[in-house]
*Asks:* 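Can you read through this structure? Questions will come right after.
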Amino acid sequence: MTPVMGKKAAKGTFWADAMADEILQHVDRHPRLQQIVADQGMLVYDEKTPSGIIHVGSSRGWILHDVIARALRGKGAPAHFVLSSDDMDPYDKPSAGLPREEWDQHLGKPFRHIPSPVEGYESFGDCYFRQCTDLFDQYAIEAGLETTGGLYEDGSFDAAIQTALDQTAAIQGIYTELYGDTPASHRLPFAPLCEQCGRIGTTRALEWDGARGLIRYECRSDIQSYKDPVTYERTYIPGCGHEGWRSPFGGGGKFPWKVEWAAKWITKGVIAEWAGKDHFSKGGSRTASCKFSVDIFDYPPPYPSSGYRTGNGYEFLNVGGRKMSTSKGAGVSFAEVTEVLSPSMMRFLMVRSEPNKVIDFDPNRTPDIVNLYNEHDRTERVAHGIVTKEPDALVSKLDRVHFYTYPERGELAGREAPARVKFPLAAIVGQSVETAEEATATLRAMGHLPEGRGHAETALRVGEARSWLGAYADDSKLRIALNDAVPADLEIDDASRAVFAGMAADLSAHVDGTEVLTEQDFKGRIFAHICDAGIEQRPFFGVAYEALLGRPNGPQLSTFLMSLGARALPLLNEAAGT
RNA sequence: GGGCCCAUAGCUCAACUGGCAGAGCAUCGGACUCUUAAUCCGCAGGUUCCAGGUUCGAUUCCUGGUGGGCUCACCA
């Protein structure tokens, strides 16, 4: 391939396109990387430890890597995104939702060797990893999947293990240089897997015999500790006391994290890999890994790093102003969010925001949701060339946002934009009818959908609105709930009762088919009744909403009643006093 | 204490690699026999966090502050 020789990316360039340019330059600077790309393509890499239910914040990284890989492919580079499950990592503290008496026995073991808490998965690690990756299609995330444990077991890491252990002194020196004289300054950079008890978090490597390729270790009870979630006491994971020699190769153990990260880069030939900004803090794991990569493995650390310079990680996705945390069991899981919010919307949210901007998203805040849908729809319209009120710079940006939000749509030229119904309307109609079919029919009758189009996307959106209302919108104004009965303390004068009676009669006739009314007809009847009764419109509607919903306002009455159909009749009759 | 990121209209964000600060939503006003988080039209909304510096010109670049977020043993 011929990398596009990049100038510095223009400031107005969409973030993913600009990053792709920089990655191509990164490759250009290193002949070694050019060779790797020629041999195996351009690897965009990410990894995740499956230590429990994975929260929604992690999806920002997956989407980011997917978008970057697509941007690179868009420039002709043979890029692909691979996500690895760090399932060789040990289960290092009790997991929030699992019974202690059953699961504490597995503390210290690699996630890939612990049974799955949920049926149908190969292991603990497989379970939590795949609960997410099985949803990737819905998010249009195109990723190759692998497990880090698998890489240990198939020998991929063997060369790096040999290198690291042979250079133990140099690695210890780097730890000392970065962190001072800490325990890591004196340890072998490897955690053997105990042959007797299968734990990896409780072992200490004692001696490396490079000639025989064996490592001496013991399995102890003073290595790995956690803060007990109930008693808050520091508790040590018990090792089995085994001591012996074993081969570190072929799955015989794992690197400590910071060394492992660097080992992966050279082993896999990683060209680009981000992580959350927490890893990129000065003195953090990326700092150490870059050092190991350059000094120990002699490999150029992947973009956005360059040599010892780490570059910057991406910002967090906060939900309701809080950083999500897997281990604290707080927050919203990725799988859970997917059931309630549209994957397209989540993807849109993350594509439109530059990686260095915090995203604070709260599904409990109705305006957040309404706004997100509005912005999404506008982006879609602009991308289809429908609205051109926006300034040019914004149009070209929204164009790219749309492209990366819906990569599967491809070229839009000459294609009609999906017919979108605004989210609040979808929510109201969705609550007053039973099925998506009815909702679509109602919306079509109301004139919100063009003839013959918009059925599928509208049914989808009504479904999204309903799921969201079911999960998050308890106190949202968009929630409507029919009264069981007309509130006892509601005063209804005789004139108003007559209007209710008239509406009930009209609606009833419409429902049993003796009279076919369009929405316009029905609307006209309502006003005729009000006029006949000789009362003011405004106060009457207030009374009507109190009678039906227990609120002073609500959706347009004619639409609302028609979409309710027979379900509205008991209340209308009661209000009419009949 | 050190480091990184962020700060533009009430909210969410733009501003084409320094050139008259713009959109969407909300608010407000008007229209539609019609109350709405429906539709259409319109008004208003800004000392671009502060103080300096570079420049003919700074939201943009530099320095120093302020506020917010994240992070800096081990583990990941």
Side-chain angles (χ1 to χ4, degrees), chain A residues 7-13 18 47-49 51 86 89-90 92-93 175 178-184 187 191 201 223-226 256-258 260-261 275-285 287 310-316 318 321 323 326-327 349 352-361 365-368 370-375 377-379 382 387 389-398 421-425 427-429 443 446-448 476-478 520 523-524 526-528 530-531 536-545 551-560:
Chain A
K7 303 167 288 204
K8 180 128 176 92
K11 207 173 183 180
T13 305
E47 45 203 281
K48 176 68 195 164
T49 302
S51 54
D86 283 338
D89 296 347
D92 61 359
K93 52 179 159 303
Y175 272 115
L178 291 174
Y179 306 115
D181 188 20
T182 64
R187 284 180 195 155
I223 305 278
Q224 191 162 34
S225 68
Y226 57 90
W257 157 242
K258 291 168 187 173
E260 181 176 277
W261 210 5
K277 64 186 286 188
D278 48 340
H279 291 286
F280 282 77
S281 181
K282 189 177 181 183
S285 50
T287 304
T310 59
N312 293 320
Y314 51 84
E315 266 290 356
F316 293 114
N318 293 343
K323 185 192 169 189
T326 309
S327 56
L349 177 67
R352 77 198 271 250
S353 310
E354 292 185 31
N356 61 347
K357 299 286 179 76
V358 182
I359 299 176
D360 186 10
F361 177 72
R365 285 195 299 247
T366 302
D368 277 24
V370 172
N371 203 38
L372 182 65
Y373 274 84
N374 281 337
E375 294 281 328
D377 292 354
R378 174 174 68 142
T379 299
V382 168
V387 176
K389 209 157 77 177
E390 283 75 14
D392 288 353
L394 186 55
V395 168
S396 57
K397 181 194 164 171
L398 295 184
V421 169
K422 288 206 171 192
F423 187 82
L425 185 58
I428 286 165
V429 174
L443 286 164
M446 291 164 68
H448 290 288
S476 170
K477 289 182 187 171
L478 285 182
Q520 281 302 318
K523 189 190 281 183
I526 293 175
F527 284 97
I530 293 174
C531 193
E536 293 286 322
Q537 290 167 11
R538 188 175 271 268
F540 172 75
F541 282 111
V543 171
Y545 288 114
R551 282 170 30 183
N553 53 35
Q556 188 164 304
L557 200 57
S558 55
T559 313
F560 185 46

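First the proteins, then the strands, lettered A, B, ... as listed; each starts at 1. Note that this is a predicted model, so its numbers are computed, not measured.
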*Asks:* Whom does B:G1 pair with, Watson-Crick or G-U wobble, provided both distances fall under 3.5 Å?
*Replies:*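 Check on B:G1: paired to B:C72, both distances under 3.5 Å.
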*Asks:* Could you tell me the separation between the CG atom of A:Asp278 and the P atom of B:C4, rounded to a whole number of Å?
*Replies:*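 For the pair A:Asp278 CG and B:C4 P, the rounded distance is 16 Å.
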*Asks:* When all nucleic acid strands are considered with a 4.0 Å heavy-atom cut-off, which category describes A:Ser285: base, sugar-phosphate, or nothing?
*Replies:* base
*Asks:* A:Ala184 has a side chain; which of B:A37, B:U12, B:C74 sits nearest to it?
*Replies:*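 Nearest to the side chain of A:Ala184 among the choices is B:C74.
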*Asks:* With a 4.0 Å cutoff (strictly under), does any side-chain N or O of A:Lys397 reach OP1 or OP2 of B:A15?
*Replies:*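 Answer is no, no contact under 4.0 Å.
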*Asks:* With P as the reference atom in both, quote the distance from B:C28 to B:U71 in angstrom, rounded to an integer.
*Replies:* 40 Å
*Asks:* Are A:Pro355 and A:Glu315 side-chain neighbours, meaning at least one heavy-atom pair lies under 4.5 Å?
*Replies:* no
*Asks:* Heavy atoms only, 4.0 Å cut-off, all strands: where does A:Lys277 land among base, sugar-phosphate and nothing?
*Replies:*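 Touches a base.
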*Asks:* Using the C1' atom on both, measure B:A21 against B:U35 and round to a whole Å.
*Replies:*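 My reading of the C1' atoms in B:A21 and B:U35 gives 39 Å.
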*Asks:* What integer number of Å spans the P atoms of B:U54 and B:G68?
*Replies:* 32 Å
*Asks:* Quick check: on RNA chain B, is the nucleotide nearest A:Glu375 upstream (toward 5') of the one nearest A:Pro424, or the reverse? Name the residue that is more 5'.
*Replies:* A:Glu375
*Asks:* A:Lys357 side chain: which of B:A76, B:C6, B:C74 is closest?
*Replies:* B:C6
*Asks:* Are any of A:Lys422's side-chain N or O atoms less than 4.0 Å away from OP1 or OP2 of B:U39?
*Replies:* yes
*Asks:* Rounding to an integer number of Å, can you tell me how far A:Phe540 CZ sits from B:U35 C1'?
*Replies:* 11 Å
*Asks:* May I have the distance from A:Leu372 (atom CG) to B:C13 (atom P), rounded to whole angstrom?
*Replies:* 11 Å
*Asks:* Partner of B:U59 by Watson-Crick or G-U wobble geometry, both contacts under 3.5 Å, or none?
*Replies:*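 Looking at the geometry, B:U59 pairs with no nucleotide.
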*Asks:* What distance, rounded to whole Å, do you find between the two P atoms, one in B:G29 and one in B:U66?
*Replies:*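 Rounded to whole Å, the distance is 43 Å.
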*Asks:* For atom C1', what is the distance between B:A44 and B:U27, given to the nearest Å?
*Replies:*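 Straight-line distance between the two C1' atoms is 9 Å.
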*Asks:* Ignoring the backbone of A:Ser281, work out which of B:C75, B:C72, B:A38 is nearest its side chain.
*Replies:* B:C72
*Asks:* In whole Å, I'd like the distance from the CD atom of A:Glu315 to the C1' atom of B:G68.
*Replies:*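 After rounding, the reported distance stands at 11 Å.
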*Asks:* In whole Å, I'd like the distance from the CD1 atom of A:Ile359 to the P atom of B:G69.
*Replies:* 18 Å
*Asks:* For the pair made of CG in A:Asn356 and C1' in B:C4, what is the distance, rounded to whole Å?
*Replies:*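 Roughly 11 Å, once rounded to whole Å.
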*Asks:* Assign A:Asn371 to base, sugar-phosphate, or nothing according to its heavy-atom contacts below 4.0 angstrom with the strands shown.
*Replies:*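 It contacts base atoms.
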*Asks:* Among B:C70, B:G2, B:C25, which nucleotide has an atom closest to any side-chain atom of A:Asn374?
*Replies:*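 Closest of the options to the side chain of A:Asn374: B:C25.
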*Asks:* Taking only the P atom of each, what is the distance from B:G1 to B:A38 in whole angstrom?
*Replies:*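 Pairwise P distance, B:G1 against B:A38, rounds to 49 Å.
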*Asks:* Tell me: CD of A:Glu260 to P of B:A76, nearest whole Å?
*Replies:*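 To the nearest whole Å, that distance equals 8 Å.
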*Asks:* Side chains of A:Lys422 and A:Asn374: does their closest heavy-atom pair fall under 4.5 Å?
*Replies:* yes
*Asks:* Please tell me if the side chains of A:Lys277 and A:Tyr314 come closer than 4.5 Å, counting only heavy atoms from C-beta onward.
*Replies:* no
*Asks:* Anything under 30° is parallel, anything over 60° is perpendicular, the rest tilted; go ahead and classify A:Trp261 against A:Trp257.
*Replies:*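 A:Trp261 and A:Trp257: parallel rings.
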*Asks:* Side-chain contact, heavy-atom cut-off 4.5 Å: A:Asn312 with A:Asn356?
*Replies:*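 Side-chain contact under 4.5 Å: no.
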*Asks:* Can you find a heavy atom in the side chain of A:Arg187 that is under 4.5 Å from one in the side chain of A:Thr182?
*Replies:*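 A:Arg187 does not reach A:Thr182 side chain to side chain.
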*Asks:* Are A:Glu354 and A:Lys357 ion-paired here, with the side-chain N under 4.0 Å from a carboxylate O?
*Replies:* no
*Asks:* Measuring only the C1' atom in each nucleotide, how far is B:A58 from B:A23? A whole number of Å is fine.
*Replies:*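 It comes out at 23 Å once rounded to the nearest Å.
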*Asks:* Ignoring backbone atoms, test whether A:Asn312 places a side-chain nitrogen or oxygen under 4.0 Å from the OP1 or OP2 oxygen of B:C5.
*Replies:*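 Yes.
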*Asks:* Between B:C25 and B:U60, how far apart are the two P atoms, rounded to whole Å?
*Replies:*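 After rounding to an integer number of Å, I get 29 Å for this pair.
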*Asks:* Applying a 3.5 Å limit to both distances, which nucleotide forms a Watson-Crick or G-U wobble pair with B:C25?
*Replies:*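 Because both required distances fall under 3.5 Å, B:C25 counts as paired with B:G10.
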*Asks:* To the nearest Å, give me how far apart CG (A:Leu398) and P (B:C13) are.
*Replies:* 14 Å
*Asks:* Counting side-chain heavy atoms from C-beta on, which of B:C75, B:G24, B:G3 comes nearest to A:Lys282?
*Replies:*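 Per side-chain heavy atoms of A:Lys282, the pick is B:G3.
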*Asks:* Paired with B:U47: which nucleotide, if any, by Watson-Crick or G-U wobble criteria at under 3.5 Å for both distances?
*Replies:* none
